[in-house]
Every structure is written in C-alpha cells, then in structure tokens.
Peer 1: 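Shown below is the structure under consideration.
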Amino acid sequence: MTSERTQVAIIGGGPAGMFLSHVLHRHGIDSIVLERRTKAHVLGRIRAGVLEAGTVDLLRDYDLAERMDREGKPKDGTRIVWQGRPDFFIDVRRWTGRQMMAWGQTYITEDLYAARERDGGAIVDEAGDVALHDVESGNPSVSYTRDGVSHRIACDFVAGCDGFHGVSRQAIPDHMRREFERVYPFGWLGIMVEKPPLKDLIYAYHSDGMAMASQRNPMLSRYYVQAPVTDRIEDWPDERFWDTLLSRFPTEIAGRIESGPSIEKSMAPLRSFVSEPLRYGRLLLAGDAAHIVPPTGAKGLNLAFSDVHYLSRALRTYYEKGASHDIERYSDQALRRIWAAENLSWRLTKMLHVFPDEDPFDQRIRESDYDLLLTSESAQQALAHEYVGLPFED
Ligand code: RFL
Ligand code: PHB
C-alpha cells in the first residue's frame with residue numbers, strides 16, 4: 001500500500017471534478033483527482049451542449065474559454081415549435097440582456113484535461129475500488145487500487161464528483177440523507193450527424209412526442225427524439241430516427257434539417273433526483289453525484305459548474321482565512337439553485353413531452369401553459385431568467 005497526502009481528494013474526473021481541481025489549483029490548493037474510467041472513455045462521452053451565461057462567465061474567469069469563444073455559437077435564446085400553434089422564442093437576450101452558448105461538454109472536458117495536464121495536475125485514471133474513510137472526522141482519507149496496487153490518500157476534504165452512479169453519496173449514512181426523485185417513462189434518443197445544424201436550438205412539441213434540434217459545430221448536428229425508456233438503440237436504425245424526428249417538426253423546419261448517417265447514437269433515461277444534504281463532515285458532493293435533472297432545459301452540466309463555484313469558494317475561505325462558515329453553508333446555498341433548476345426542468349419536461357398515461361385534461365393544461373407563454377410578457381420574462389440561469393449568490 002502506498003500513501004500520500006493532498007488537501008482535497010476529488011473523486012470523479014468529469015466536468016465537476018476537473019473544474020474543481022482547476023479552480024483550486026488557481027488558488028494554490030492541492031488536489032488529486034481519482035477517475036474510474038480511462039481518459040479516452042471520459043473524453044469520448046457526448047452529453048450536454050448548452051451553457052448558461054454564468055457558466056460561460058466561469059469558463060472565461062478561469063482561462064478555459066479560448067476555444068469556446070472562437071468556435072462556440074452564442075445564442076440569444078431557444079425556440080419552441082408546437083404542432084398547430086405559433087412558435088415561441090425563449091428570448092434570453094431581450095429579457096435578461098445576456099446570451100447563452102452552444103458548446104459541447106466534450107470540448108469543455110478536453111480543455112479541462114489539457115489545462116490540468118499543462119499545470120502538472122495529479123489525475124489518476126482507471127482508479128478501481130475507490131472507498132472513502134473517516135469523512136466525519138478531521139482526518140478523512142480515500143483508498144483505491146490501480147494495476148493491482150493499493151493506494152491511500154490522506155486529505156483535509158473529500159469532494160464527491162463521481163456522478164449519479166458513484167460511491168461518494170453512499171458514504172453518507174442513510175439516516176443522514178434524504179432523496180427526492182421522479183423517474184419518467186421515456187428517454188431521449190440522441191444522435192450525432194456530420195451535417196450543418198439549423199441556426200436555432202429548437203424544442204418541438206408534437207402529439208407523438210418531443211423532438212429537439214441542437215448543434216456542436218458548423219459541421220456537426222445533435223438531434224433528439226422522445227422514445228420509450230424500454231427501447232434499445234437497435235430498435236432505432238437511422239431511417240426510423242429521421243422519419244420520427246422530421247415528422248415531429250413543422251414541415252418548413254423539417255425541410256431544412258439535413259439528415260445523414262449517425263456517427264453516435266445513445267439513449268438517456270430521464271430522471272429528476274436530489275440527495276440532501278450536499279455535505280457530511282468533510283465530504284462535499286457536487287454535480288450529478290448529488291442531483292440529476294432531465295435534459296429539457298439543459299441544466300445538468302450548468303449545475304455541476306455552479307456547485308463547483310460555491311464549493312471552491314468555500315474551500316478558499318477555509319484555506320485563506322481559516323474559517324469554515326462557507327463550508328457549513330455550502331449545501332443550503334447550492335441546493336437553492338439546484339431546486340430552481342429541478343423545478344424548471346420538470347416543468348419544461350411536462351410541457352414538452354407526451355406521457356403514456358395522460359388524459360385530455362393533462363393535454364389542455366399543457367396547451368394552456370404554452371398559451372400563457374405566447375401571450376404573457378411576465379411569463380416570457382420569468383422563463384428567460386430561469387433558462388439563462390439564476391445569478392450566483394454572494
Ligand atoms: P459526470 O460527468 O457523470 O462525471 C462523473 C465522473 O465520475 C466517474 N466515476 C468515478 N470515479 C472514481 N470512482 C468511482 N467509483 C466513480 N464512479 C463514477 C465517472 O466515470 C465520471 O467520469 O458528472 P459531473 O462531473 O457531475 O458532470 C455532470 C454532467 O456530466 C451531467 O450533468 C450532464 O452531462 C447531464 N446530461 C446532459 N445535460 C445536459 O445539460 N444536456 C444533455 O444533453 C445531457 N445529456 C447527460 C446527458 C447525462 C448523461 N448521463 C449521465 C447518463 C446524457 C447522458 C447519457
Ligand atoms: C444538446 O445540445 O445536447 C442539448 C441541448 C439542449 C438541451 C439538452 C441537450 O436541453
């Protein structure tokens with residue numbers, strides 16, 4: 001067994017863990033990142049594609065925005081199209097004066113790995129059997145194995161950034177943890193295609209189900225359709241995907257969508273989930289380790305960044321001022337923003353998807369939600385503020 005010491009042991013090398021490690025380094029705080037998968041696997045994941053204004057600011061503040069500012073697409077908002085009703089534009093620019101950014105999680109993760117490697121950051125990939133020890137004490141540690149050798153890292157804090165299926169959350173005893181959950185009976189079947197995307201990001205409501213048009217770069221488009229969660233990828237050959245997608249968009253927009261062979265296809269189940277609190281002793285959770293949102297509203301990745309913003313600030317207060325009050329309020333502070341995002345994602349998911357057990361009452365309520373958006377400037381303004389992302393608290 002080897003042993004070493006760091007200030008913050010970070011479990012998980014996804015966006016939350018890598019951004020935390022980068023920010024801490026900028027403030028002179030040491031960390032070691034333990035990632036279960038290979039670096040190639042982590043960098044091969046597709047996932048999210050839309051950044052809130054606050055996430056864009058964070059990337060710029062921490063010198064991670066050069067490629068995003070060169071190649072990402074600033075967006076004034078997102079369009080909703082609706083079978084038999086007028087289109088609606090979530091006009092973020094008009095109501096908040098801010099812009100969002102179409103920019104893939106894959107590129108952000110690549111840039112984070114490059115930045116940490118350039119700065120000599122300690123990242124252990126293929127770390128097996130990661131286990132947390134004594135997190136309720138003042139002397140926590142983390143153990144793992146790699147290539148058959150056991151290692152132990154003593155630390156001041158453990159940051160649990162290991163996603164929904166990670167081990168960190170489980171280190172909080174059941175009686176100290178409260179979980180809130182909604183599981184949806186459908187998923188998003190997504191494909192990537194090497195064709196120019198539509199100019200706008202578009203959510204489409206159709207009585208057969210939701211569809212969505214997004215983008216990664218001038219020659220890479222991302223499309224999704226709502227599909228039963230029990231479907232397998234093999235049930236969705238490209239031809240069926242394109243037929244379904246195009247049938248859910250109005251003819252004029254469908255006519256502008258350039259189809260082609262998919263280069264990636266995946267099914268993401270939809271779930272709303274929050275585990276409270278985010279802190280147990282010296283263990284602090286961030287990102288998907290503590291919460292999941294359905295992709296409607298594009299909040300998942302953005303929440304990972306806002307958690308890390310609050311968490312890194314709390315750790316700085318601890319190391320720079322010797323004060324733990326920001327650590328103590330981290331959970332409550334992060335949870336306010338998390339619940340706001342859970343709320344929006346849940347409402348948008350209900351409004352834009354067809355549920356298998358719904359009845360005509362549900363349908364009328366959905367139409368009335370949409371009609372309110374079409375006609376009420378207050379509703380438009382409120383949605384734009386939620387969609388662009390709530391400001392960070394002091
Ligand atoms: P991640 O990205 O899941 O990273 C967690 C990392 O921890 C590692 N890990 C472990 N490491 C060590 N020991 C263990 N025991 C470990 N267990 C796990 C994992 O290998 C992984 O590298 O969480 P993080 O950093 O909090 O980032 C969150 C975002 O990735 C996530 O919120 C979004 O990608 C959610 N999400 C989407 N969000 C959107 O806004 N739009 C999307 O279109 C969108 N699509 C998606 C998604 C999430 C998906 N998942 C999680 C299944 C599509 C999928 C398929
Ligand atoms: C994406 O580009 O992958 C994307 C965009 C908007 C969403 C979800 C995913 O709400």
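Remember, it's 1-based here, ligands and their atoms both numbered in the order they're listed.
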Peer 1: To the nearest 0.1 Å, how far is atom 5 (C) of ligand 2 from its closest protein heavy atom, and which atom is that?
Peer 2: V50 CG2, 3.4 Å
Peer 1: For ligand 1, does C161 get within less than 4.0 Å through its side chain, its backbone, both, or neither, judged by non-hydrogen atoms?
Peer 2: backbone
Peer 1: Check each atom of ligand 1 against the heavy atoms of V130 and keep those under 4.0 Å away; list them by number with element.
Peer 2: 13 (N)
Peer 1: At a 4.0 Å cut-off, with the gap strictly under it, does some heavy atom of A298 reach an atom of ligand 1?
Peer 2: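 Judged by the 4.0 Å heavy-atom criterion, A298 does count as contacting ligand 1.
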Peer 1: So if I count the atoms of ligand 2 from 1 in the order they appear, which ones are less than 4.0 Å from some heavy atom of P295?
Peer 2: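 Answer, ordered by atom number: 7 (C), 8 (C), 10 (O).
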Peer 1: When D200 is tested against each of R256, K73, R79 for salt bridge (Lys or Arg N to Asp or Glu O under 4.0 Å), which residue passes?
Peer 2: R79
Peer 1: Salt-bridge test for E110 and R67: reply yes if a basic N is under 4.0 Å from a carboxylate O, no otherwise.
Peer 2: yes
Peer 1: Just which atoms of ligand 1 are under 4.0 Å from any heavy atom in L34?
Peer 2: 11 (N), 12 (C)
Peer 1: Counting from 1, what ligand 1 atoms have a heavy atom of G14 closer than 4.0 Å?
Peer 2: 4 (O), 6 (C), 22 (O), 25 (O)
Peer 1: Quick check on ring-ring contact (aromatic ring centres under 6.0 Å, His included): which of Y223, F249, W236 does W242 satisfy it with?
Peer 2: Y223
Peer 1: Students should be able to answer this: which protein heavy-atom is nearest to atom 2 (O) of ligand 2, and at what distance?
Peer 2: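 Here the closest protein heavy atom is S214 OG, 2.5 Å.
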Peer 1: Give the numbers and elements of all ligand 1 atoms closer than 4.0 Å to a heavy atom of K299.
Peer 2: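 This gives 40 (O) as the contact atoms.
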Peer 1: Should A16 be counted as touching ligand 1, given the test is an N or O pair under 3.5 Å?
Peer 2: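 Yes, at least one N or O pair falls under 3.5 Å.
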Peer 1: Side chains of Q99 and K75, heavy atoms from C-beta outward: is any pair under 4.5 Å?
Peer 2: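 Answer no - side chains too far apart.
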Peer 1: Side chains of V135 and L132, heavy atoms from C-beta outward: is any pair under 4.5 Å?
Peer 2: yes
Peer 1: What I want to know is whether P15 and ligand 1 share at least one N or O pair that is separated by under 3.5 angstrom.
Peer 2: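 There is such a contact, yes.
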Peer 1: Which of the numbered atoms in ligand 2 are under 4.0 angstrom from any heavy atom belonging to G49?
Peer 2: 1 (C), 2 (O), 3 (O)
Peer 1: For ligand 1, is any non-hydrogen atom under 4.0 Å from N302's backbone (N, CA, C, O), its side chain (CB onward), both, or neither?
Peer 2: neither
Peer 1: Got F180 and E342 here, is their nearest side-chain heavy-atom distance under 4.5 Å?
Peer 2: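 Result no, sub-4.5 Å side-chain heavy-atom pair not found.
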Peer 1: With atom 3 (O) of ligand 1 as the reference point, say which of R47, R45, E35 has the nearest heavy atom.
Peer 2: R47
Peer 1: Does M68 reach the side chain of Y107, with side-chain heavy atoms less than 4.5 Å apart?
Peer 2: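 No. Closest side-chain heavy atoms not under 4.5 Å.
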Peer 1: Is the closest N or O pair between W188 and ligand 2 shorter than 3.5 Å?
Peer 2: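 Not met; the criterion fails.
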Peer 1: Could an N or O of ligand 1 be found under 3.5 Å from any N or O of Q105, whether backbone or side chain?
Peer 2: yes
Peer 1: Can you pull out the closest protein heavy atom to atom 12 (C) of ligand 1? Residue, atom name and distance to 0.1 Å, please.
Peer 2: R36 N, 3.3 Å
Peer 1: Check whether any heavy atom of S266 sits under 4.0 Å from an atom of ligand 1.
Peer 2: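 It does not, in that no heavy atom of S266 comes within the 4.0 Å cut-off of ligand 1.
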Peer 1: Does R282 count as lying over the ring of F157, i.e. NZ or CZ under 6.0 Å from the six-ring centre, within 45 degrees of the axis?
Peer 2: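 Judged by the rule (NZ or CZ under 6.0 Å from the ring centre, within 45° of its axis), R282 counts as positioned above F157.
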Peer 1: Taking only heavy atoms of R47 into account, list the atoms of ligand 2 that are under 4.0 Å away from them.
Peer 2: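 By the 4.0 Å cutoff, the relevant atoms are 3 (O).
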Peer 1: Are any of the N or O atoms of H165 closer than 3.5 Å to those of ligand 1?
Peer 2: no
Peer 1: If we only count heavy atoms from C-beta on, is the T145 to H151 side-chain gap below 4.5 Å?
Peer 2: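 Side-chain contact under 4.5 Å: no.
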Peer 1: Linking I/L/V/M/F/W/Y whenever any side-chain heavy atoms sit under 4.5 Å apart, do L51 and W95 land together?
Peer 2: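 Shared cluster, no.
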Peer 1: Of all the atoms in ligand 1, which lie at a distance below 4.0 Å from a heavy atom belonging to D162?
Peer 2: 5 (C), 7 (O), 9 (N), 10 (C), 16 (C), 17 (N), 18 (C)
Peer 1: In the protein, which heavy atom is nearest to atom 42 (C) of ligand 1, and how far is it?
Peer 2: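 Ranked first by proximity to atom 42 (C) of ligand 1 is A48 CA, 3.4 Å.
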Peer 1: Under 3.5 Å, is there a donor-acceptor pair linking the side chains of W339 and E276?
Peer 2: yes
Peer 1: Is there side-chain contact between Y330 and L284, with at least one heavy-atom pair below 4.5 Å?
Peer 2: yes
Peer 1: Identify, with sequence neighbours excluded, every residue that meets side-chain contact (heavy atoms from CB on, under 4.5 Å) alongside P391.
Peer 2: none
Peer 1: Below 4.0 angstrom from a heavy atom of G297, which ligand 2 atoms are there? Numbered from 1 as shown, please.
Peer 2: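 This gives 10 (O) as the contact atoms.
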Peer 1: Does the pair R98 and D57 meet the rule for a salt bridge (charged side-chain N to carboxylate O under 4.0 Å, His left out), with working shown?
Peer 2: CA-CA 11 Å; R98 311 211 66 192; D57 290 345; 2.7 Å; yes
Peer 1: Do the ring centers of F273 and F164 come within less than 6.0 Å of each other?
Peer 2: yes
Peer 1: Is M100 reachable from L64 through a run of hydrophobic residues whose side-chain heavy atoms are each under 4.5 Å from the next?
Peer 2: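 Different hydrophobic clusters.
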Peer 1: Tell me the nearest of D288, T296, L20 to atom 23 (O) of ligand 1, using heavy-atom distances.
Peer 2: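 Heavy atom nearest to atom 23 (O) of ligand 1 belongs to D288.
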Peer 1: Should G163 be counted as touching ligand 1, given the test is an N or O pair under 3.5 Å?
Peer 2: no
Peer 1: Looking only at protein heavy atoms, identify the closest one to atom 55 (C) of ligand 1 and say how far it is in Å.
Peer 2: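 Nearest neighbour among protein heavy atoms for atom 55 (C) of ligand 1, to 0.1 Å: A268 CB, 4.0 Å.
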Peer 1: Evaluate the side-chain proximity of E35 to V42: yes if any heavy-atom separation is below 4.5 Å, no if none is.
Peer 2: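 The answer is yes, as the side chains (C-beta and beyond) meet within the 4.5 Å cut-off.
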Peer 1: Evaluate the salt bridge (charged side-chain N to carboxylate O under 4.0 Å, His left out) criterion for residues D208 and R248: first the C-alpha distance (whole Å), next the side-chain angles of each, then the deciding distance (0.1 Å), finally the verdict.
Peer 2: CA-CA 7 Å; D208 291 342; R248 293 182 185 180; 5.3 Å; no
Peer 1: Quick one: does ligand 2 sit under 4.0 Å from the side chain of M212, the backbone, both or neither, non-hydrogen atoms only?
Peer 2: side chain
Peer 1: Is there at least one pair of N or O atoms, one from Y224 and one from ligand 2, spaced under 3.5 Å apart?
Peer 2: yes
Peer 1: Strictly under 4.0 Å, does any heavy atom of R216 approach an atom of ligand 2?
Peer 2: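 In this structure, R216 qualifies as a contact of ligand 2 - some heavy atom is under 4.0 Å.
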Peer 1: Do me a favour and list the nearest non-hydrogen protein atom to atom 10 (O) of ligand 2 with residue, atom name and distance?
Peer 2: Y203 OH, 2.5 Å
Peer 1: Atoms of ligand 1 less than 4.0 Å from R37 heavy atoms?
Peer 2: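 Listed by number with element: 20 (O).
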Peer 1: Show which atoms of ligand 1 fall inside a sub-4.0 Å distance from at least one heavy-atom site of V167.
Peer 2: 15 (N)
Peer 1: Can we call the ring centroids of Y184 and H353 under 6.0 Å apart?
Peer 2: no
Peer 1: Using non-hydrogen atoms of the residue, decide whether Y224 is closer than 4.0 angstrom to ligand 1.
Peer 2: yes
Peer 1: Could you list which atoms of ligand 1 come closer than 4.0 Å to a heavy atom of G12?
Peer 2: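 Those of ligand 1 that fall under 4.0 Å from G12 are 6 (C), 7 (O), 8 (C), 11 (N).
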Peer 1: For atom 36 (N) of ligand 1, is the nearest protein heavy atom closer than 4.0 Å?
Peer 2: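 Under the 4.0 Å cut-off, atom 36 (N) of ligand 1 has no protein heavy-atom neighbours at all.
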